[in-house]
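Predicted, not measured: the structure shown is a model, and the values here were computed from it.
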2 protein chains.
Amino acid sequence: MNKSFHQLEQAIDRVDSRFPGVPRQEVILTRLYYHIMPRLGAYLNEALKDYGIHESVWMTLMTMYACPDHVLYPSDISDTLDSSRTNATRISDELVKNGWAERQPCAEDRRKIRLVLTDAGIRFVERIMPVARDRNRSLWSDFSGDEKAQLEGLLRKLLARLGG
Amino acid sequence: MNKSFHQLEQAIDRVDSRFPGVPRQEVILTRLYYHIMPRLGAYLNEALKDYGIHESVWMTLMTMYACPDHVLYPSDISDTLDSSRTNATRISDELVKNGWAERQPCAEDRRKIRLVLTDAGIRFVERIMPVARDRNRSLWSDFSGDEKAQLEGLLRKLLARLGG
DNA sequence: GCGAAATAGTAACACGGTTTACTATAATCG
DNA sequence: CGATTATAGTAAACCGTGTTACTATTTCGC
């Protein structure tokens, strides 16, 4: 078992002996979640790094690829990624800078900006797609169908608890 | 169900119809994990915010509280939190700045710095402890013992997969 | 013993993200 | 109608963290 996590478990026990009443399993679950996150991010970004992008940019490209005419608005980005508008702007900047998307004014609602995937963007998405899928598949390859279904259910429950 | 997550699920399906072969469940699991993380952080930090600290500072205070004589070295912080040395230095700075800990030279190994919890630090920890525990308990209160055990097992497996 | 390699702590900088504040446009309602 | 309110996008500042580069000290291996 992981060294650093083991260390944390011991700390929990020592705290309990001085100030009894620690909700042990709850703390462990929470800390496990924290511990996994940066590693999960690193794992997924590792494959993307070769292409000079970050997970959130990739997710945005995928979302645009899925849209009719490959068009969306920056706020769709923040909705889908569940992040701030500011972040959507920054991601848009990056897409444009790399020539994968372009900004167009929107006639129907002039507050909006149409963000359109370019041909280069489409080719880029289709080139990366197989790599990204392999990563995801291999990440979960140790898990049985039952385990994945269980975990999905439990995570959905947790998300709901957190006002998802 | 969560609006933004629902949006993401639809995007996955649309991608699949254009570029078939998406590992649907795997992608959903991964994205669920991403979606939950910031909300979990916000939930836990909300209670700590009133006391002017962040989750990682709290975890460090707890760890120090658990140590013999309330002493540890900055590298113990990075081990326990699974974060960089630099981050341990910054957290140490914050503890010292707030009067919760003090730095002492270490005679046995002069590369090291002894970080000692002050009396004020101990009082602070004991004051926050009940609040932090309540938060953790209430976070997981919807989950049965079985569910928590299941989730713990699955998360440990995931951590192991990620080289934990 | 001594030179090479490892380890501890820190500072400077980069990165990905949020909050706050602003402008422009659209929708609402009295 | 017109005034108010809501929404879309962006810029500026800040925040928590990681990477890289450095110094001081200890440990290792010849």
Cation-pi, B:Y73 ring and B:K112 (6.0 angstrom, 45 degrees):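 Yes, B:K112 sits over the ring of B:Y73.
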Establish, for the pair A:R31 and A:Y34, whether the NZ or CZ atom is under 6.0 angstrom from the six-membered ring centre and no further than 45 degrees off its axis. yes
Can you tell me how far [atom2] of [N] sits from [atom1] of [X], to the nearest Å?
{"X": "B:R39", "N": "C:dG17", "atom1": "CZ", "atom2": "P", "value": "15 Å"}
{"X": "A:L72", "N": "D:dA8", "atom1": "CG", "atom2": "P", "value": "13 Å"}
{"X": "A:M37", "N": "D:dG18", "atom1": "CE", "atom2": "P", "value": "13 Å"}
{"X": "A:R85", "N": "C:dG17", "atom1": "CZ", "atom2": "P", "value": "17 Å"}

State whether B:K148 and B:E152 are salt-bridged, where the test is any N-O pair (Lys NZ or Arg NE/NH1/NH2 against Asp/Glu carboxylate O) under 4.0 Å.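 No.
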Before you tell me yes or no, could you show the steps for A:E126 and A:R133 under salt bridge (Lys or Arg N to Asp or Glu O under 4.0 Å), namely the whole-Å CA-CA distance, both residues' side-chain angles and the distance that decides it to 0.1 Å? CA-CA 11 Å; A:E126 291 177 347; A:R133 287 180 179 176; over 6 Å; no
Roughly how far apart are [X] [atom1] and [Y] [atom2], rounded to 0.5 Å?
{"X": "A:E26", "Y": "B:S138", "atom1": "CD", "atom2": "OG", "value": "10.5 Å"}
{"X": "A:I53", "Y": "A:M59", "atom1": "CD1", "atom2": "CE", "value": "11.5 Å"}
{"X": "B:E102", "Y": "B:Q104", "atom1": "CD", "atom2": "CD", "value": "5.0 Å"}

Side chain to side chain contact (heavy atoms under 4.5 Å, CB included) for A:S84 and A:N87? Distances and angles first, verdict last. CA-CA 5 Å; A:S84 66; A:N87 198 28; 3.5 Å; yes
Expected rows: protein N/O vs nucleotides 2-5 of chain C N/O, under 3.5 Å:
none

For a side chain to side chain contact (heavy atoms under 4.5 Å, CB included) check, start with the C-alpha distance between A:V131 and A:W58, then their side-chain angles and the critical distance, and finish with the verdict. CA-CA 12 Å; A:V131 181; A:W58 172 240; over 6 Å; no
Side chain of B:D69, backbone of B:V71: donor and acceptor closer than 3.5 Å?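 Looks like no, no N/O pair under 3.5 Å.
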Can you check whether B:R14 reaches A:Y65 side chain to side chain, under 4.5 Å on heavy atoms?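 The answer is no; the side chains never approach within 4.5 Å.
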Heavy atom of residues 96-117 of chain B under 4.0 Å from DNA chain C: which residues? B:R103, B:R111, B:K112, B:I113
Distances under 3.5 Å between nitrogen or oxygen atoms of protein and nucleotides 13-17 of chain D:
residue, atom, partner, partner atom, Å
D:dT17, OP2, B:S56, OG, 3.3
D:dT17, OP2, B:R90, NH2, 2.9

How would you label the contact of B:S75 with the nucleic acid (heavy atoms, under 4.0 Å): base, sugar-phosphate, or nothing?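 B:S75: backbone/sugar contact only, no base atoms under 4.0 Å.
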